Asks: 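Take this structure, written in structure tokens, and hold onto it; I'll ask about it next.
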Amino acid sequence: MLTLKMLRDDPQHVIEKLAVKNFDAKEIVGKVLELDANRRSLQAESDALLARQKQVASRVGALMKEGKREEAEEAKKEASELKVRSNELLAKAEENNKELEAKLVLLPNIPCDLVVPGKGAEDNQIVKVGGPEVSLPENALPHWELAKKYDIIDFDLGVKITGAGFPVYKGKGARLQRALVNFFLDINTAAGYREIEPPSVVNAASGFGTGQLPDKEAQMYHVGLDDFYLIPTAEVPVTNLYRDVIIPGKDLPRAMTAYTPCFRREAGSYGKDVRGLNRLHQFDKVEIVRIEKPENSYAALDAMVAHVEGIVNRLGLRYRILRLCGGDMSFTSAITYDFELWSAAQGRWLEISSVSNFETFQSNRLHLRYRDDEGKIQLCHTLNGSSLALPRVVAALLEDNQTEDGIIIPEVLRPYTGFDRID
RNA sequence: GGAAGGUUGGCCGAGUGGUCGAUGGCGGCAGUCUUGAAAACUGUUAGUCCGCAAGGGCUCGGGGGUUCGAAUCCCUCACCUUCCGCCA
């Protein structure tokens with residue numbers, strides 16, 4: 001959620017910047033400013049009324065003590081009349097402020113200056129391509145075939161147990177999952193990220209805090225009986241750890257990492273995009289989250305990108321880094337770098353990580369603040385990134401490392417898997 | 001799931017209708033003293049909204065109600081503790 005201050009100070013800037021995201025904000029911004037002006041004048045009016053009400057009420061007490069009963073009755077009457085008027089105003093203000101909030105949450109985060117305009121994926125900027133070239137034999141198999149061949153991931157069984165998009169990992173396939181999680185967590189903690197194991201189910205307040213609610217409600221599984229949501233990413237519970245918190249400036253930055261299962265309904269997707277591990281309803285992911293002072297957040301973002309690149313490099317897979325254009329960025333992000341692995345067997349890039357700076361967009365909703373050197377309270381910047389999401393790493397790993405003699409496990413993973421090939 | 005008792009500022013804890021945004025203690029910060037520190041003493045120490053400011057509004061788990069007036073009374077929801085039941 002954008003801050004009202006930002007909108008008030010320079011509405012034109014907000015409108016221009018949102019155009020980079022292909023978002024025409026003119027009308028909403030105008031409405032927000034109007035509602036904000038209303039809010040302030042309504043408050044000034046009702047505050048004055050309430051102040052008088054309080055004065056009169058305390059006079060009643062004093063008059064009662066002095067035994068001036070008649071005057072007290074007079075005052076009571078006056079207070080009652082004031083109350084009727086202030087209640088009307090308060091109701092009006094509440095309605096106004098609800099509408100203001102409803103409009104305000106419709107505005108996406110403004111992109112930072114590095115972000116170029118664009119409509120969709122085709123306009124993303126390729127920042128870097130790295131890792132070894134992949135050359136596969138003619139008869140190379142996609143990962144879903146390999147999974148079947150070696151009996152390590154069973155999509156059909158998942159359908160039986162739950163439904164499409166809930167695979168069952170078996171044997172070395174299951175062990176590989178556990179190995180990757182541990183490998184990623186170890187690298188992250190070694191880099192100073194504190195390991196967190198959060199709940200995988202959150203309440204609505206948490207969903208709102210990181211921006212999943214109300215706009216992306218359909219993306220989450222909802223537990224109706226208790227009004228809980230299955231998390232779509234560890235970002236939700238981990239960032240919400242700091243909801244309604246004022247952090248002493250000296251305690252920043254905070255860096256955390258968490259492994260969680262992630263649940264996404266992915267309503268409406270189909271085709272080759274969802275084949276095999278390409279898109280799932282449940283998957284494993286290790287996430288990194290940082291809370292920073294505003295002046296440090298872009299340095300932190302660069303550090304996170306470099307950190308994720310380090311992990312990808314160790315896996316020895318072909319990758320590229322994209323800086324997303326305005327139109328392809330999420331609602332909440334100010335800038336996003338995507339990491340993709342090359343899947344030679346599928347002939348396509350697979351997204352495995354998304355590293356973003358949200359600036360104050362989340363912290364404004366979360367009321368996540370810090371006390372600066374002068375003792376003033378300011379909004380923090382929040383950042384997060386995948387490090388990494390497992391399924392597509394597994395997909396690329398299986399496909400790119402396939403040989404006549406089975407799938408070769410990268411050297412760095414062998415201490416975790418306990419085997420060097422899947423055959 | 002059943003029963004009872006709770007939820008107050010960074011923490012502990014007082015406050016059961018009248019000037020209470022809240023006594024006191026701890027902790028924090030500043031100062032006095034000290035070569036320095038500790039101790040002692042003094043002062044200070046919630047957030048938020050409106051306002052150029054002066055000042056004012058709101059907040060004692062959340063929401064609603066009673067009343068001229070609510071931290072205090074009533075309703076409701078959430079959470080916590082204890083006992084019973086169940087259980088990895």
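In this text, all values refer to a predicted model and were calculated from it rather than measured experimentally.
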Asks: Checking salt bridge (Lys or Arg N to Asp or Glu O under 4.0 Å) for the pair A:K5/A:D9: CA distance, chi angles, key distance, verdict?
Replies: CA-CA 6 Å; A:K5 188 175 179 337; A:D9 289 352; 2.8 Å; yes
Asks: With both distances under 3.5 Å as the test, what is the Watson-Crick or G-U wobble partner of B:rG1?
Replies: B:rC84
Asks: Which residue, A:A44 or A:Q53, contacts RNA chain B at a nucleotide closer to its 5' end, judged by nearest heavy atom?
Replies: A:A44
Asks: Once you apply a heavy-atom cut-off of 4.0 Å, does A:A72 come out as touching a base, just sugar-phosphate, or nothing?
Replies: nothing
Asks: Which base sits across from B:rA14 as a Watson-Crick or G-U pair, both distances under 3.5 Å?
Replies: none
Asks: Any donor and acceptor pair, going by atom type alone, linking the side chain of A:S46 with main-chain N or O of A:L90 inside 3.5 Å?
Replies: no
Asks: Using the P atom as the reference point in each nucleotide, state the distance between B:rC29 and B:rC83 in Å, no decimals.
Replies: 40 Å
Asks: Searching all strands shown, indicate the nucleotide that pairs with B:rG69 (Watson-Crick or G-U wobble; both distances under 3.5 Å).
Replies: none
Asks: Check A:R52 with A:E78, please: is the shortest side-chain N to carboxylate O separation under 4.0 Å?
Replies: yes
Asks: Which salt bridge (Lys or Arg N to Asp or Glu O under 4.0 Å) pairs, counting each pair once, include a residue from residues 366-388 of chain A, with sequence neighbours left out?
Replies: none
Asks: Quote, to the nearest angstrom, the C1' distance that separates B:rC11 from B:rA3.
Replies: 32 Å
Asks: I'd like a list of close polar pairs between nucleotides 79-81 of chain B and the protein, N/O only, cut-off under 3.5 Å.
Replies:
none

Asks: Just distance, no hydrogens or angles: give the donor-acceptor pairs under 3.5 Å from side chains in residues 176-185 of chain A, sequence neighbours left out.
Replies:
from: A:Q177; atom 1: NE2; to: A:D284; atom 2: OD2; distance (Å): 3.1
from: A:N182; atom 1: ND2; to: A:R178; atom 2: O; distance (Å): 3.4

Asks: Got a list of side-chain donor-acceptor pairs under 3.5 Å for residues 285-304 of chain A, not counting sequence neighbours?
Replies:
from: A:K285; atom 1: NZ; to: A:T233; atom 2: OG1; distance (Å): 2.8
from: A:K285; atom 1: NZ; to: A:E287; atom 2: OE1; distance (Å): 2.6
from: A:R290; atom 1: NE; to: A:E292; atom 2: OE2; distance (Å): 2.8
from: A:R290; atom 1: NH1; to: A:Y193; atom 2: OH; distance (Å): 3.3
from: A:R290; atom 1: NH2; to: A:E292; atom 2: OE2; distance (Å): 2.9
from: A:S297; atom 1: OG; to: A:P294; atom 2: O; distance (Å): 3.4
from: A:S297; atom 1: OG; to: A:N357; atom 2: ND2; distance (Å): 3.0
from: A:S297; atom 1: OG; to: A:H381; atom 2: ND1; distance (Å): 2.8
from: A:Y298; atom 1: OH; to: A:E359; atom 2: OE2; distance (Å): 2.5

Asks: Salt-bridged, A:D36 to A:R40, with N to O below 4.0 Å?
Replies: yes
Asks: Please assess A:K98 against A:E94 for the test salt bridge (Lys or Arg N to Asp or Glu O under 4.0 Å), listing each intermediate value before the final yes or no.
Replies: CA-CA 6 Å; A:K98 263 189 189 158; A:E94 196 189 332; 3.7 Å; yes
Asks: Pairs in or reaching into residues 99-110 of chain A: which pass side-chain hydrogen bond (donor to acceptor under 3.5 Å, both in side chains), with residues at least two apart or in two chains?
Replies: none
Asks: Begin from the C-alpha positions of A:R414 and A:E411 and carry the test salt bridge (Lys or Arg N to Asp or Glu O under 4.0 Å) through to its verdict.
Replies: CA-CA 5 Å; A:R414 290 179 193 172; A:E411 201 83 48; 3.5 Å; yes
Asks: Of the residues in residues 32-42 of chain A, which ones touch RNA chain B at a heavy-atom distance under 4.0 Å?
Replies: A:R39, A:R40
Asks: Just list the side-chain donor-acceptor pairs under 3.5 Å for residues 165-174 of chain A, sequence neighbours left out, or say none.
Replies:
from: A:K170; atom 1: NZ; to: A:D151; atom 2: OD1; distance (Å): 2.9
from: A:K170; atom 1: NZ; to: A:D154; atom 2: OD2; distance (Å): 3.0
from: A:K172; atom 1: NZ; to: A:R421; atom 2: O; distance (Å): 3.1

Asks: Under the side-chain contact (heavy atoms from CB on, under 4.5 Å) test, which residues partner A:V20, sequence neighbours left out?
Replies: A:P111, A:V115, A:P117
Asks: Which nucleotide, if any, forms a Watson-Crick or G-U wobble pair with B:rA22, using both distances under 3.5 Å?
Replies: none
Asks: My understanding is that a pair needs two contacts under 3.5 Å, Watson-Crick or G-U wobble. By that rule, which nucleotide pairs with B:rU35?
Replies: none
Asks: Between the protein and nucleotides 55-57 of chain B, list every N/O to N/O distance that falls short of 3.5 Å.
Replies:
from: B:rG56; atom 1: N2; to: A:D47; atom 2: OD2; distance (Å): 3.0
from: B:rG57; atom 1: O2'; to: A:D47; atom 2: OD1; distance (Å): 2.9

Asks: Who does B:rA30 pair with, Watson-Crick or G-U, both distances under 3.5 Å?
Replies: B:rU42
Asks: Drop me the distance from A:L366's CG to A:T360's OG1, to the nearest 0.5 angstrom.
Replies: 11.0 Å
Asks: Please list, for nucleotides 45-47 of chain B, all pairs of protein and nucleotide N/O atoms separated by less than 3.5 Å.
Replies:
from: B:rG47; atom 1: OP1; to: A:R371; atom 2: NH1; distance (Å): 3.0
from: B:rG47; atom 1: OP1; to: A:R371; atom 2: NH2; distance (Å): 2.8
from: B:rG47; atom 1: O3'; to: A:R369; atom 2: NH1; distance (Å): 3.3

Asks: Could you work out the separation of B:rA71 and B:rC20 based on their P atoms and round it to a whole Å?
Replies: 12 Å
Asks: At 4.0 Å (heavy atoms only), tell me whether A:A79 reaches a base, stays on the sugar-phosphate, or touches nothing.
Replies: sugar-phosphate
Asks: Mind checking the CG-CG spacing from A:D405 to A:D423? Nearest 0.5 Å is all I need.
Replies: 8.0 Å
Asks: Just checking A:S58: base, sugar-phosphate only, or nothing, at a heavy-atom cut-off of under 4.0 Å?
Replies: base
Asks: What are the atom names and distances for every N/O pair under 3.5 Å that joins the protein to nucleotides 60-67 of chain B?
Replies:
from: B:rU67; atom 1: O4; to: A:K83; atom 2: NZ; distance (Å): 3.1

Asks: Taking ring-ring contact (aromatic ring centres under 6.0 Å, His included) as the cut-off, I'd like each qualifying pair that reaches into residues 198-235 of chain A, sequence neighbours left out, listed once.
Replies: A:H222-A:Y229
